[in-house]
Protein chains: 2
Amino acid sequence: MQLDHVFGALSDATRRAIVMRLCDGEASVGELAKPFEMALPSLMKHIRILESSGLVASEKTGRVRMCSLQTEALATVEGWLAVQREIWEQRLDRLETYVEKLKKREKSNARKRRSK
Amino acid sequence: MQLDHVFGALSDATRRAIVMRLCDGEASVGELAKPFEMALPSLMKHIRILESSGLVASEKTGRVRMCSLQTEALATVEGWLAVQREIWEQRLDRLETYVEKLKKREKSNARKRRSK
DNA sequence: ACTATAGTTAGCTTTATGGCTAACCAATCA
DNA sequence: TGATTGGTTAGCCATAAAGCTAACTATAGT
């Protein structure tokens with residue numbers, strides 16, 4: 001399950017809609033197709049992409065294929081974002097304490113100037 | 001700042017690397033280019049894409065262009081994921097309580113059967 | 001003024017994406 | 001068994017993506 005493919009899969013509104021639908025529970029290809037104007041084969045392509053990205057799994061029984069969300073894939077993406085957030089927040093924290101330091105120095109300098 | 005474009009921008013390893021680099025603070029185009037084997041114009045394209053997705057902002061002073069992370073864009077993506085997670089977790093909760101109910105009924109049925 | 005640096009523009013290739021139609025299985029249902 | 005339903009394959013098209021080179025612009029340093 002590659003980050004590239006997961007992000008790629010989510011970069012299309014149709015596919016995000018499918019993912020959102022599947023958050024509510026399993027669905028057949030037909031059910032998934034209903035809300036869209038798209039021809040079935042086009043929609044199937046999207047499902048394939050979702051599958052190969054690891055976001056969706058499906059299994060065929062009889063003639064209907066049921067699709068379900070693979071939440072781990074979404075969790076992986078969340079994880080990546082969380083890591084980045086941590087990094088930039090740490091940096092902002094350092095920056096803030098640095099600015100604090102500057103301010104204090106400013107004040108003490110001001111005192112010195114006044115007492116000259 | 002469209003979800004489509006943000007996810008699309010993040011679906012490329014080079015661009016994710018740039019984003020990661022920028023989490024550590026501002027950088028010029030040249031600095032960003034260093035770690036990659038890519039020709040400059042190719043890298044510039046990536047920067048453009050990151051900019052048009054809203055993930056990165058840049059400003060040119062003199063002859064160097066400084067790029068910085070726009071954390072709101074990343075936050076938006078995190079938000080979308082969080083919403084989906086909430087939905088599927090609620091469903092799993094409902095499912096769990098449903099299974100609990102079934103179990104209890106099973107037990108009470110078992111008691112009834114025993115007391116027959 | 002000359003040269004080196006830092007980006008930028010233009011234009012080309014190759015490959016991938018997103019959509020379509022038409023024809024084709026394979027399981028149900030009547 | 002014959003028709004219907006649910007999905008699948010194959011193949012076409014238009015556009016966008018990711019890379020390149022070559023040539024250009026505009027600042028900074030000497």
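To find a chain, count down the sequence lines: A is the first, B the second, and so on, and within it residues start at 1.
In terms of phosphate contacts, B:S42 brings no side-chain nitrogen or oxygen within less than 4.0 Å of OP1 or OP2 of D:dA18. For the OP1/OP2 pair of C:dT8 and a distance below 4.0 Å, the side-chain nitrogens and oxygens of B:K60 include at least one atom meeting the criterion.
Using a 4.0 Å cutoff on non-hydrogen atoms, the parts of residues 16-37 of chain B near DNA chain C are B:S28, B:V29, B:G30, ordered by number.
B:L43 places its CG atom 15 Å from the P atom of C:dT9, with the value rounded to the nearest Å. A:D12 has its CG atom 15 Å from the C1' atom of D:dA17, to the nearest Å. Between the CG atom of A:L40 and the P atom of C:dT21 there is a distance of 12 Å, rounded to whole Å. In this structure, B:M66 places its CE atom 13 Å from C1' of C:dA6, rounding to the nearest Å. Note: CD1 (B:I49) to C1' (C:dA16) measures 14 Å, nearest angstrom. The separation between B:L50 atom CG and D:dA18 atom P is 10 Å, rounded to whole Å. Put simply, CG on A:L10 is 12 Å from P on C:dG18, counting in whole angstrom units. Regarding A:M38, its CE atom lies at a distance of 16 Å from the P atom of C:dT17, rounded to whole Å.
With the nearest nucleotide of DNA chain C identified for both A:T14 and B:M44, B:M44 has the one nearer the 5' end. With DNA chain C read from its 5' end, the first of the two nearest nucleotides for A:H46 and B:R48 is the one closest to B:R48.
Put simply, the side chain of B:E89 does not reach to within 4.5 Å of the side chain of A:T71, judged on heavy atoms. Side-chain contact between B:R85 and A:L74: absent, with no pair of heavy atoms (C-beta onward) separated by less than 4.5 Å. Contact of the B:R15 side chain with the B:L50 side chain is registered, since non-hydrogen atoms from C-beta on lie closer than 4.5 Å. A heavy-atom distance below 4.5 Å is found between the side chains of A:H46 and A:I18. Between B:L69 and B:V19, the closest side-chain pair of non-hydrogen atoms falls below 4.5 Å.
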Produce a footprint string for nucleotides 23-30 of chain D: one letter per nucleotide, 5' end first; B if the base is under 4.0 Å from any protein heavy atom, S if only the sugar-phosphate is, - if neither.
-> ----BS--

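When heavy atoms are screened at a 4.0 angstrom cut-off, B:K45 is found touching base atoms of the nucleic acid.
When the nucleotides C:dT8, D:dA18, D:dG7 are ranked by their closest atom to the side chain of B:R65, C:dT8 comes out on top.
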Stepwise side chain to side chain contact (heavy atoms under 4.5 Å, CB included) check, A:M66 with A:E26 | CA-CA 7 Å; A:M66 287 305 263; A:E26 295 201 332; 3.9 Å; yes

Given B:L81 and A:E78, is the side chain to side chain contact (heavy atoms under 4.5 Å, CB included) satisfied, shown in steps?
-> CA-CA 7 Å; B:L81 289 170; A:E78 272 192 302; 3.7 Å; yes

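Between the CG atom of B:L22 and the CD atom of B:E31 there is a distance of 9.5 Å, given to the nearest 0.5 Å.
In this structure, B:W80 and B:F7 have perpendicular ring planes: the angle between them is above 60°, well past the 30° mark.
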